[in-house]
Protein chains: 2
Amino acid sequence: MNLKELAHQLGLSPTTVSRALNGYPEVNEATRERVMAAAKRFNYRPNSRAQRLATGRALAIGHVIPIASKHEMVNPVFADFIAGAGETYSRNGYDMVLSVVPDNEEEAAYRELKARGSVDGVIVHGPRMDDPRVRLLAEIGLPFVVHGRASGSQTPYSWLDVNNRRAFRRATDFLLDLGHRRIALINGLEFMDFAMRRRIGFTEALEARGLTPAPELLSSAEMTEGRGHAMAAGMLALPEPPTAFLVASMISGMGVRRAVEERGLRIGRDVSIIIHDDDLSYMKNGEDVPIYTATRSSVREAGRQAAEMLLSIIAEPSGEPQTRLLEADLIIGQSTGPAPAASARPVPAHART
Amino acid sequence: MNLKELAHQLGLSPTTVSRALNGYPEVNEATRERVMAAAKRFNYRPNSRAQRLATGRALAIGHVIPIASKHEMVNPVFADFIAGAGETYSRNGYDMVLSVVPDNEEEAAYRELKARGSVDGVIVHGPRMDDPRVRLLAEIGLPFVVHGRASGSQTPYSWLDVNNRRAFRRATDFLLDLGHRRIALINGLEFMDFAMRRRIGFTEALEARGLTPAPELLSSAEMTEGRGHAMAAGMLALPEPPTAFLVASMISGMGVRRAVEERGLRIGRDVSIIIHDDDLSYMKNGEDVPIYTATRSSVREAGRQAAEMLLSIIAEPSGEPQTRLLEADLIIGQSTGPAPAASARPVPAHART
DNA sequence: TTGAAAGCGCTACCAG
DNA sequence: CTGGTAGCGCTTTCAA
């Protein structure tokens with residue numbers, strides 16, 4: 001059933017039917033209801049291909065996922081973000097198109113999306129400092145929102161980010177309050193904007209108490225289980241090993257856990273661990289409490305909001321760049337039960353920056 | 001730059017230019033080269049919206065992701081599969097469109113995709129036994145490939161699956177060979193087809209040695225960290241606790257690891273753990289070796305192959321249903337180093353079924 | 001081997 | 001408030 005047929009059934013012109021269905025104000029309400037009813041009855045759905053051509057809009061948002069090696073794992077945080085964004089798109093009648101491309105073809109992928117008109121905008125993932133994609137997208141005129149920030153970019157741009165610096169500062173403070181003095185940071189690669197901010201938050205917390213970060217306890221590498229393991233194992237073999245770890249991701253966190261286990265240490269008794277972006281972390285020193293910083297469900301919420309931001313930019317292309325900074329969750333609860341609800345226990349004062 | 005303009009520049013008709021670009025045989029080779037060169041020079045890209053309308057094809061494949069609760073995590077295995085499929089789509093000029101929908105709207109989502117013609121086919125994820133989606137998709141005539149199987153389905157259908165039964169049988173055999181007799185299975189929900197097959201493989205291995213699976217060591221639940229933790233903790237508190245765990249997923253595996261740690265047991269010394277779909281598992285009894293069953297990179301490969309299968313079905317709609325069964329990796333290596341290559345050590349004979 | 005012209009199914013402009 | 005009509009940019013007959 002297409003528009004012409006439906007119009008014919010109703011004894012109306014396709015024009016009127018189209019207007020009725022799309023909520024144009026000039027249609028008689030009685031007519032509109034008749035059209036709506038018939039559309040439902042005949043199970044009419046406008047052909048999206050025709051709609052897209054006629055309107056000149058793609059009704060789709062792109063997400064470009066660069067893949068470095070054939071065996072690299074997809075970041076699970078990315079999956080959560082995508083899920084959140086997808087919800088927003090569905091609600092607004094947009095499609096989400098994912099482009100998986102080798103990372104040296106990322107720029108070409110954006111140009112292609114623009115040239116072929118297959119999307120109305122894109123969300124940029126995993127920005128680096130002064131990320132070249134910001135300039136590129138502004139240049140080719142493809143609307144975009146950055147998930148994260150690209151510090152140092154000359155081009156103004158819209159972004160949505162989690163306050164990584166504060167999250168890591170708070171987590172570090174928490175460990176310091178428990179008496180830890182040898183705290184290790186297992187960070188991501190620090191040309192990534194978020195990783196750089198996390199390190200700043202970490203060192204800020206130490207310096208605020210007159211402590212100097214020990215260089216041998218500061219590490220930065222890809223967030224894989226293998227790298228997390230290697231970094232933690234190396235530190236645990238030091239003459240003065242760390243008593244606590246602050247880890248940047250669930251995946252490297254798994255490696256850290258393994259390194260600790262292998263050394264015969266018990267997490268929560270001999271060593272405290274806080275893992276960011278995970279839904280369960282180990283942080284104990286006499287008390288049996290897990291601590292989350294950004295939880296995975298908050299990543300989902302970030303996806304939702306970033307998508308909303310992008311849709312509003314597309315609707316109002318002339319507007320100023322929009323920015324939004326989300327605070328990461330910081331949740332305390334019992335580690336032996338199921339994952340606690342956000343409100344299970346208030347965040348203690350000392351855990352707030 | 002559109003087709004008309006390009007044709008004008010060349011002093012040719014749009015018809016000829018289109019034919020030249022699309023490889024039609026009737027154009028003069030000299031003309032074709034002239035057209036190709038000009039297309040490249042002007043950086044011409046056909047407008048995909050127009051192409052889709054004109055051809056009546058969507059040049060896109062859909063993946064519907066049902067989301068149960070607002071806080072449920074996205075399965076990371078799904079992300080790997082998607083990445084693999086995406087590579088295949090890109091190579092073939094197809095878009096990948098993801099639909100994230102509440103799980104009670106999944107059927108509607110498929111009908112919508114079909115009615116609006118926004119995709120040429122879909123891949124079905126996480127099939128249950130006799131999954132209703134198989135019948136639905138056959139009925140509405142939307143080409144599809146199932147990742148996994150839907151045992152008991154009356155409708156014939158195309159699928160690609162990992163040999164879960166054999167993977168779990170081999171893993172169980174491996175633990176048995178090490179002398180374990182109290183082996184726990186931390187399985188997914190057993191109305192999921194893959195979970196059912198895994199349990200069968202597990203019990204087969206036991207029964208082949210005249211052992212009876214202990215009901216208190218057989219568990220089946222959602223594959224979350226919380227559930228994995230709860231199930232393992234419960235078993236460890238038994239009068240006769242298990243000495244080994246076979247776990248269905250990386251996520252529930254994290255919960256199992258936590259339960260073991262909390263009890264003061266050391267993984268690889270007091271308890272062996274094999275985690276499926278993970279890239280690193282713990283399996284030790286005197287020897288220090290990890291074991292993988294299906295690795296995450298093999299999931300990526302499954303995505304690639306499933307996508308290829310679907311594209312071939314779309315190209316040849318009349319063909320017979322295609323099926324393909326992949327063998328899961330089984331890799332043995334040192335647990336203390338970085339992840340070993342597949343060939344690091346041969347699979348010992350006793351680990352083969 | 002090339003070109004003219006008729007759609008694909010919808011939206012949007014302009015008349016009435 | 002409703003309808004005729006001209007595209008959107010491409011593909012695909014059909015004629016030459």
Side-chain angles (χ1 to χ4, degrees), chain A residues 1-36 38-39 42-60 93-95 112-120 315, chain B residues 1-36 38-39 42-60 93-95 112-120 315:
Chain A
M1 168 72 64
N2 64 20
L3 188 66
K4 206 186 339 188
E5 289 164 22
L6 180 62
H8 189 74
Q9 292 289 334
L10 285 159
L12 287 168
S13 74
T15 310
T16 302
V17 175
S18 169
R19 279 197 279 238
L21 258 20
N22 291 303
Y24 281 62
E26 63 263 38
V27 206
N28 184 313
E29 267 315 311
T31 309
R32 187 193 306 281
E33 279 172 26
R34 211 156 62 84
V35 171
M36 294 294 222
F42 292 112
N43 197 29
Y44 167 75
R45 292 274 180 285
N47 180 303
S48 65
R49 295 190 295 265
Q51 238 171 1
R52 292 186 224 263
L53 180 58
T55 58
R57 299 185 306 151
L59 297 173
Y94 274 73
D95 280 347
E112 186 87 3
L113 287 176
K114 170 66 180 180
R116 303 189 46 119
S118 20
V119 301
D120 296 318
Chain B
M1 169 70 67
N2 64 22
L3 187 66
K4 207 191 330 194
E5 289 164 22
L6 180 61
H8 188 74
Q9 291 289 335
L10 285 160
L12 286 169
S13 74
T15 312
T16 302
V17 175
S18 168
R19 279 196 279 238
L21 258 20
N22 291 302
Y24 281 62
E26 63 262 37
V27 295
N28 186 313
E29 265 316 309
T31 310
R32 187 194 306 281
E33 279 172 25
R34 210 157 62 83
V35 171
M36 293 295 221
F42 292 112
N43 198 29
Y44 168 76
R45 293 274 179 285
N47 180 304
S48 65
R49 294 190 296 265
Q51 237 170 1
R52 292 186 224 263
L53 180 59
T55 58
R57 298 186 306 150
L59 297 172
Y94 274 73
D95 280 348
E112 186 87 3
L113 287 175
K114 171 66 181 181
R116 304 189 44 122
S118 21
V119 301
D120 296 319

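Letters A, B, ... mirror the listed sequences (proteins, then strands); counts begin at 1.
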- Query: Of the options Leu21(B), Val17(B), Val35(B), which is the one that meets Tyr44(B) in a side-chain contact (heavy atoms from CB on, under 4.5 Å)?
  - Reply: Leu21(B)

- Message: With a 4.0 Å cutoff (strictly under), does any side-chain N or O of Thr16(A) reach OP1 or OP2 of dG3(D)?
- Response: yes

- Nearest-Å distance for atom pair CZ/P, residues Arg52(A) and dC10(D): 17 Å

- Taken to the nearest 0.5 Å, the spacing of Leu53(B) CG from Ser48(A) OG works out to 10.0 Å

- Task: Using a 4.0 Å cut-off on protein heavy atoms (strictly under), produce a 5'-to-3' string for nucleotides 6-16 of chain C with B for base contact, S for backbone-only sugar-phosphate contact, and - for none.
- Result: --BBBBBBB--

- Message: In this structure, how many angstroms lie between the P atom of dG4(D) and the NE2 atom of His8(A), rounded?
- Response: 13 Å

- Query: Nearest-Å distance, CD (Glu26(B)) to P (dT12(D))?
  - Reply: 11 Å

- Item | Pro14(A) backbone acceptor or donor facing Ser18(A) side chain under 3.5 Å | no

- From the options Arg49(B), Arg52(B), Gln51(B), select the one residue that forms a side-chain contact (heavy atoms from CB on, under 4.5 Å) with Ser118(A). Arg52(B)

- Item | Check: Asn22(B) side chain, Tyr24(B) main-chain N or O, donor-acceptor pair, under 3.5 Å | no

- Task: Round to the nearest Å and state the distance from Leu59(B) atom CG to dT11(D) atom P.
- Result: 10 Å

- Below 4.0 angstrom from OP1 or OP2 of dT2(C), is there any side-chain N or O of Thr31(B)? yes

- Message: Nearest 0.5 angstrom please: Arg45(A) CZ to Lys114(B) NZ, how far?
- Response: 14.0 Å

- Whole Å only: how far is the CG atom of Leu6(B) from the C1' atom of dC10(D)? 13 Å

